[in-house]
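Since the structure is predicted, the reported quantities are computational estimates derived from the model, not experimental observations.
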Amino acid sequence: MKKVEVLKLIDLIEEIKKLDDLITQNRKKKTSDFVINQYEVKKLKMIGSIISELANPPIQSMESYLLIQKILKKYYPNIPEAELLSDIDVSKIVAVIEG
């Protein structure tokens, strides 16, 4: 990975950390769900950007996929599998993965 790419990804991760802290603070303050949902959508987009960067050439590698896994575990640690399986299409894909 080039230094520029590394710095760009680090900056994105730092922004996600700040946003995640903001979400946590707003939940504690019992801020409106609308505001929290806006932050969640922004976080999701930023994580999607990181995943896109890591999954595409020239960065794409086994290490980049492990970084994606680490990012998902860090920022979405407690999502129950039942929630994932609530989408019929996703359930089909999970069944193929596990089968």
So, are Glu5 and Lys2 salt-bridged, with charged N and O less than 4.0 Å apart?
no
Hey, is CD1 on Ile88 packed in by over 12 heavy atoms from elsewhere, all under 6.0 Å?
no
Quick check: do Lys70 and Leu66 have side-chain heavy atoms less than 4.5 Å from each other?
no
Grab the two heavy atoms, one from Ser91 and one from Ser86, that are nearest each other, plus how far apart they are.
OG-N, 4.4 Å
Side chains of Ile16 and Ile50 in contact at under 4.5 Å (non-hydrogen atoms):
yes
Atom CD of Glu14 and atom CG of Leu9: how far apart are they, to the nearest 0.5 Å?
12.0 Å
Is the shortest heavy-atom distance from the side chain of Leu19 to the side chain of Met46 under 4.5 Å?
yes
Between Ile93 and Asp89, is there a side-chain heavy-atom distance shorter than 4.5 Å?
no
Less than 4.5 Å apart, any side-chain heavy atom of Tyr75 and any of Ile13?
yes
Leu72 side, atom CG; Leu67 side, atom CG - distance, nearest 0.5 Å:
11.0 Å
Any heavy-atom pair between the side chains of Lys43 and Tyr76 that's under 4.5 Å?
yes
Flag, side chain of Thr31 to backbone of Arg27, donor-acceptor distance under 3.5 Å:
no
First locate atom CD of Gln38, then atom CD1 of Ile36, and finally report the distance between them rounded to the nearest 0.5 Å.
11.0 Å
Can you check whether Ile71 reaches Ile47 side chain to side chain, under 4.5 Å on heavy atoms?
yes
Could you walk me through whether Ile23 and Glu40 pass side chain to side chain contact (heavy atoms under 4.5 Å, CB included), step by step?
CA-CA 7 Å; Ile23 291 167; Glu40 288 283 356; 3.5 Å; yes
State the CD-CD1 distance between Glu63 and Ile68, to the nearest 0.5 angstrom.
12.0 Å
So how far is it from Asn26 CG to Asn37 CG, rounded to the nearest 0.5 Å?
11.5 Å
State plainly whether one hydrophobic cluster holds both Leu12 and Ile10, where clusters connect Ile, Leu, Val, Met, Phe, Trp and Tyr through side-chain heavy atoms under 4.5 angstrom apart.
yes
